[in-house]
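Data first, discussion second: the structure below is written as structure tokens.
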Amino acid sequence: MHIIEFNAYCAYYKTKSGLIKALDKLSFSIDTGEIFVVVGESGSGKTTLLKSVLGQCEYTEGDLFIEGMSVDDLSVSARNIGYVRQEADLYPHMTVYENIAFPLRIIHTAQAEIDRRVKEIADLLEIPWLLTRKPRQLSGGQQQRVAIARALVKQPELILFDEPFSNIEPNLRAEFRALLRKIHQALNPTILFVTHDLGEAFSLADHLLVLENGSVADFGTPAELLQQHHSVLLKGYLK
């Protein structure tokens, strides 16, 4: 079953000189429960694609469906989506517990349920010992774990990751990729992950889409793309 479907989808952003096309006639689907990775250089349209799913693109054409519903009929608030940015963006005046619990407080979740879910997610992310600390007392990697926990606590069926490991020290990135696999195995959400890192893309993806200048340049499983030496993705990497 498809959780996301793009059909001849275009997205534009507004400039002083008019509308500029950021995504050009995208047509592809994402299956429920998979890790779907979008890879491309800066400016290829990766973040615009995520913003489209979140409902943050004002000028669009074509069709985009989430769980079978057109986004034209689906309000932004009705989309049960978790979102992890490149920066952790934690609330500095709140403890780790309060940061994680915040999305549940907004929807008036009972305190006992908040306590249960925060403990469950903190255990999964291996950060229960950090719950009483403030963000300034955390390393960059710890802050990003908290940001991921905050995105997971509402139990979304779909989680978007916008280059979440790019600010993590290189020697810790393999650890975070393993953590993402652990989350996926434990909770089975659909994950839409964007990156410019080819190795990261191949190590995580069930399916991989290559964006180039806002268009689909290549698509397939990692194994399929590795077998296609003419692949746009592999040009420059198989020399």
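One-based numbering along the sequence shown. Side-chain atoms are counted along with the backbone in the values below, which use heavy atoms only and exclude waters and symmetry mates.
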- Have T60 and Y9 got a donor and an acceptor in their side chains that come within less than 3.5 Å? no

- Query: Will you find, in the side chains of Y12 and E58, an N or O donor that is under 3.5 Å from an N or O acceptor?
  - Reply: no

- Query: Between E34 (side chain) and I191 (backbone), is there a donor-acceptor pair under 3.5 Å?
  - Reply: no

- Taking NZ, NE, NH1 and NH2 as the nitrogens, is one of them in E163 or K46 under 4.0 Å from a carboxylate oxygen of the other? yes

- Message: Just to verify, which of D31, I66, T32 counts as forming a side-chain contact (heavy atoms from CB on, under 4.5 Å) with H2?
- Response: D31

- Passing candidate, side-chain contact (heavy atoms from CB on, under 4.5 Å) with I4, options V71, L49, L64: L64

- Salt-bridge test for R117 and E120: reply yes if a basic N is under 4.0 Å from a carboxylate O, no otherwise. no

- Do the side chains of I100 and I127 get nearer than 4.5 Å, heavy atoms only? yes

- Message: Are the side chains of C10 and Y59 in contact, using a 4.5 Å heavy-atom criterion?
- Response: no

- Task: Please round to the nearest 0.5 Å and tell me the distance separating atom CD1 of I35 and atom CZ of R177.
- Result: 12.0 Å

- Note on the structure: Residues at least two apart in sequence or cross-chain that pass salt bridge (Lys or Arg N to Asp or Glu O under 4.0 Å) with K25, listed by chain then number, are none

- Item | Sequence-distant partners of K21, salt bridge (Lys or Arg N to Asp or Glu O under 4.0 Å), two or more places apart | D24

- For A151 and P156, which heavy atoms make the closest approach, and how far apart are they? O-CG, 3.4 Å

- Task: Please check if the distance between the ring centroids of Y97 and F102 is under 6.0 Å.
- Result: no

- Task: Using the six-membered ring wherever Trp is involved, compare the ring planes of F36 and F28 and label them parallel, tilted or perpendicular (cut-offs 30° and 60°).
- Result: parallel

- Message: Under a 3.5 Å cutoff, is there a donor and acceptor pairing between the side chains of E200 and T195?
- Response: yes

- Task: Could you label the plane-to-plane angle of the F165 and F161 rings as parallel, tilted or perpendicular, counting under 30° as parallel and over 60° as perpendicular?
- Result: tilted

- Message: Taking the side chain as everything from C-beta on, heavy atoms only, tell me whether L208 gets closer than 4.5 Å to T221.
- Response: no

- Query: R105 and Q111: side-chain donor and acceptor closer than 3.5 Å?
  - Reply: yes

- Query: Between E175 and K182, does at least one N-O distance fall below 4.0 Å, as a salt bridge requires?
  - Reply: no

- Task: Using the side-chain contact (heavy atoms from CB on, under 4.5 Å) rule, pick out the option among L209, I159, I3, L160 that qualifies with L192.
- Result: L160

Donor-acceptor contacts under 3.5 Å from residues 80-94 side chains, at least two apart:
{"from": "Q86", "atom 1": "NE2", "to": "S166", "atom 2": "OG", "distance (Å)": "3.1"}
{"from": "E87", "atom 1": "OE2", "to": "N167", "atom 2": "ND2", "distance (Å)": "3.0"}

- Task: State whether the number of non-hydrogen atoms from other residues, nucleotides or ligands found under 6.0 Å of E157 atom CD is greater than 12.
- Result: no

- Query: In terms of side-chain geometry, is the basic nitrogen of K119 or D115 positioned less than 4.0 Å from the acidic oxygen of its partner?
  - Reply: no

- Item | More than 12 heavy atoms of other groups within 6.0 Å of E169 CD | no

